[in-house]
Amino acid sequence: MKDGQSLIEDKLNSAKYKKVLKANFLKPATLIPILLLAFIAGCAIFAPILAPTNPYDLAIVSIMDSRLAPGEVMFNGTVAWLGTDGAGRDVLSAIIYGLRTSLIVALTSAAIALTVGIVVGLIAAFYGGKIDAFLMRIVDIQLSFPAILIALVLLALLGKGIDKVIIALAIVQWALYARTVRATAIVERRKEYIEAASTLGLNNFRIIVKHLLPNSISPLIVLATLQTAHSISIEATLSFLGVGVPITEPSLGSLISNGFDFILSGAYWITFFPGIMLLATVAAINVFGDQLRTILNPRLSK
Amino acid sequence: MTDLLDIKKMSVSFQTEYETIDAVRNVSITLRPGEVLGIVGESGAGKSTIGNAIVNLLEPPGEITRGEILFKGQDLRNLDDKQMRDVRGKKIGMIFQDPQTSLNPLMTIGAQLIETINKTINIYGSEATNKAIELLESVGIDESEARLNLYPHQFSGGMRQRVVIALALAGNPDLIIADEPTTALDVSIQAQILDLIKRLCQERQVGVIIITHDIGVIANISDRVTVMFNGQAVESGDVKQILTNPKHEYTKSLIAAVPRGDRKVERFKSIDYIEGGAQTQRRIDLDQHWLGKKFTQHFSDTAISINNLNKKYSLKKAFLKRNRSYVHAVKDVSLSIKKGEIFGLVGESGSGKSTIARLVAGLVRTDKGSIKLFDQEVTNKSKGKDVIAARRNLQMIFQDPYSSLNARMRVQDIVSEPINYYKTASTNMEMRQIVRDLLDHVGLGSNAMLKYPHQFSGGQRQRISIARALASRPKILICDEPTSALDVSVQAHILNLLKDLQDDLGLTILFISHDLPVIRQMCDRVAVMRHGSICEIATTDSLFEKPQHEYSKHLLELMPKTDF
Amino acid sequence: MQSIVVLFIMSLVVFTMINLVGDPVDMLVNPESLPDEIERVRSDFGLDQPAHIQYIKFLQGALSGDLGNSFIFGRPALALIAERFPATLELATCALIIAIVFGLPLGIYAGLNPKSLGTRIIMGGSVLGISIPTFWLGLMMIIIFSVVLGWLPVSGRGDIGSFLGWQSSAFTLDGLSHLIMPAINLALFKIAMVIRLARAGTVEVMSLDFIKFARARGLPPENLVRFHLLPNILIPIITVLAIEFGTLIAFATVTETIFAWPGLGKLVIDAIVNLDRPIVVAYLMFVVTLFLLLNLIVDIIYAALDPRVRLNGDQQ
């Protein structure tokens, strides 16, 4: 039996839902990260057009430009607004290209991990019993170790390279998605609409895909957002430790790592600016994820 | 004698950025010491809001917008936070619905009692302990000294509600507000708790406000009653007078909608004040209708026949067989249901009645025994042409209207799914026409088609469920507590609808309920269940007039009296 | 029982995987060495035998507490780990304490006052805290506090003091000045996490019926927070933190690299880069054991704190 109070809440949550949704999306706390993310994505996509120089083009990069301070003019006449690194690469251009690598790694690994996680989680929840126990035991064991440790070991085994980082990050993340999907799906599975679907005589595949799946993935929206931010961080950390993306195809993390050697000599810009970009990207995704959580689950934000 | 509580024209509203909801409008209530006032109403009537408003425990953004709350002559609205805290517990005690969640799970009940005693009547040390023991004794908990050291989870539901009452009494309040105090409890315990509240009210001369949706509770315990509808008090007065001779149309509908346990009536009458009155409900002529098309196959006279059915659930999993423990949910059950009959299964929670529904529907596997639908053996089978055909003849209506519909599908897609899956319509146009038609028959109207389930009330959702079941062109319907999550007036509408459909379509219905009056109104024959076994099978009239089995007699005694 | 099975499986997984990668002999000998020289090194380290024999030998050793000698240092791997572990433990413990001391009160405050300005600042700070890359922050801290301001030393562990037989940098002023930056660096993410946990817990518990009932009995706010709110949010937070302690030890790898802190993390990063198999294997086995222990401790804490678990036996 529902009391008056919760009925009022229900009414607020459903009838005016669209209006509330729209108003929430127009709040600065949501709008600013969205715009920032759009800008960052734009930079990443149009990197070759936007970047003043091409940091991969060894013909352009000159050791003569090594460690120029922000604002100084490079040998070929372009201004290095954010300075140059030890090899004479323009830091601004390197950041724009680095962003591209970071985002590709994070998004690809998230997509792989999500797919695997959803499939495993749904199978575990739907079939239950021994299948569930077996799959969840693997998930439990994996989740009891920190992501960074697993990634570190995997990369030690796989070696360097973008593809290897993507694989490692996907392996690190799938278990969390699987557990989350399974937790929701196991509640949904017990609900009567699933029983109704099986009294209608539908086959298992249809029940899983048409009934269980759409009702089980909404917690993933927020989780995947926050997790993407997290995996950008992890990738940067791995690259910083020297086991991630090689410096020939730098991500933000490897750029920061690259500047590590120069901080004591005062060339702060080589680490500072890539770090700011990394922070801005991760923070924008996190704020957006938090707002998304509030919007999708208004009870939390009271 | 002066009034203990005098609420004058109080209004409460919940104001948000987007709209204002007036939960309570212009309600006036008076209460004298030693008197029990019932506030009765259905979901959303605003009855709980009144209780919370008195002690200023409204959830934000709720706010009292108008009126006075005079408690012993003083307006509670003028008090600041600290003064209000002195009123709570010391002057006004509260009891909430669910004793499972009302107590801090990490504190012993002794610690919770003593803490409350310390803060409300400023008694400390061993004196406070003695007071706590005394309080527990006064609410009927024996060995109370030893029980002070127990945690809430070590008590049963009824005992926990007694502890809650003791806590509410700790500060010697003059007024007790009980918000649905027995809704979460079993029938037999409900009676004990109500007796306790009544006794304490008389002994201590405190005023009691009981807030409930259950007219039976009101009839049992209160002296006066206020009927709430849609935020307004539509009628107030002496309980006897209101129950026997209601003046307001809403009160009349509400009382007419309560199923009677003492005799069978054809339909629930004059319940149109609330929901669904405006919608038309066309009758179905089976010879002309899509629903009648398929039945070329022959149907035997026995719709369901169950033989020696057994089902165990394991409680504790263990590696070794002897360490495992089971609950025997269904034990050697045999019964047969004739074509066109409404057969009732009645029993308390845990008696195995829902398990039988799920076994028959093939949702759980049978351990032993056999199930036949129209002479087709279907036990633990889901494949084979005959089995699938037999299973499609059976559909189910579930208890919880909120979880029985897929929230991500439109009503149109929910209802059309079986038609689509089994290709029982030749074109999409035809399918949509059938869905429109079905929704019309269950009293929803075709503009429901494009909406999602959350846009409907509980009763309307149950109608969608029924339409979905009909879309499989069933001959057998299993209804598992189809109305126990609904308000009583909505229940009356749904029960009327089920009866009409049964008449028109000649359905066989297995009707499961814990509610004896509902069973009486709906069923031709009844089986009484307890601990997984059937105690008695009889026609409805003979069970209610001359029960044979001891347990049936016991259940009938506990049945709330509705002959007011 | 189950933990032992997990331990065994992990040893198999770790050993098999590590054997798939690289040839450690390449790292051990001078590239210009003669072939028979290489063979001699190979057989010295037992690398000429088939993998399953190597594994059985490894297992035999592991059971008697010997995880092999480091290829680089030529000393028992386990001894090296035992030597380095206290420094890491010290760092992680300090970080954990910082996280609890700052995170818990701030999180509870934010949960109790959802609309206040303070809450917005705290929550904004916590988003920043989980977003800021630990290693980059470490570098920035070095630039600000060591390079620009010159207040704190850049690297190392400093003097070690002894208190009640426990040796730690925290007991000398010099040690403390070395410890403070890495500890805060490591703690920052966890502070943000504790804030979020505490806030979510507070919001959830405050909306429960028993809090409403406690308010209806006229109990003052300090009672509500101390007796009703705190115990109920602490149980989940403590259990999460016990697990997170393991994460701290793993994440210390990054902090140790930046601040040249002589702990486990540096040892293992070097071992990974140099393909020093025994160290990597020993480190992983050590960490697996540590995690199993932590999980066990969590279960014990949970049972000790929650009467519903503790008294499950005599339920009516």
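The chains referred to below are lettered A, B, ... by the order of the sequence lines, with proteins before strands, and numbering in each begins at 1. Note that the structure is a prediction, hence the values are computed from the model and not measured.
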Bottom line for B:Y422: the part with an atom under 4.5 Å from chain A's heavy atoms is side chain
If one checks every heavy atom of B:N420 against chain A at 4.5 Å, the contacting part turns out to be side chain
key: Ion pair check, B:D480 and B:R358, cut-off under 4.0 Å   = yes
Q) Is the side chain of B:S13 donor-acceptor paired with the backbone N or O of B:Q15 at a distance under 3.5 Å, no angle test? A) no
With sequence neighbours left out, the residues meeting salt bridge (charged side-chain N to carboxylate O under 4.0 Å, His left out) with A:D140 are A:R179
Okay, A:R206 and chain B: the region with an atom under 4.5 Å from a heavy atom over there is side chain
Bottom line for B:L363: the part with an atom under 4.5 Å from chain A's heavy atoms is side chain
Looking only at B:Q399, B:M396, B:M409, B:Q395, most heavy-atom pairs under 4.5 Å shared with chain A are made by B:Q395
*Identify whether NZ of Lys or CZ of Arg in A:R189 sits under 6.0 Å from the centre of the six-membered ring of A:F126 and within 45° of that ring's axis.*
yes
Counting heavy-atom pairs under 4.5 Å with chain A, the top scorer among B:G362, B:S404, B:A407 is B:S404
Checking the side chain of B:Q376 only, and the main-chain atoms of B:D386 only, is there a donor and an acceptor separated by less than 3.5 Å? no
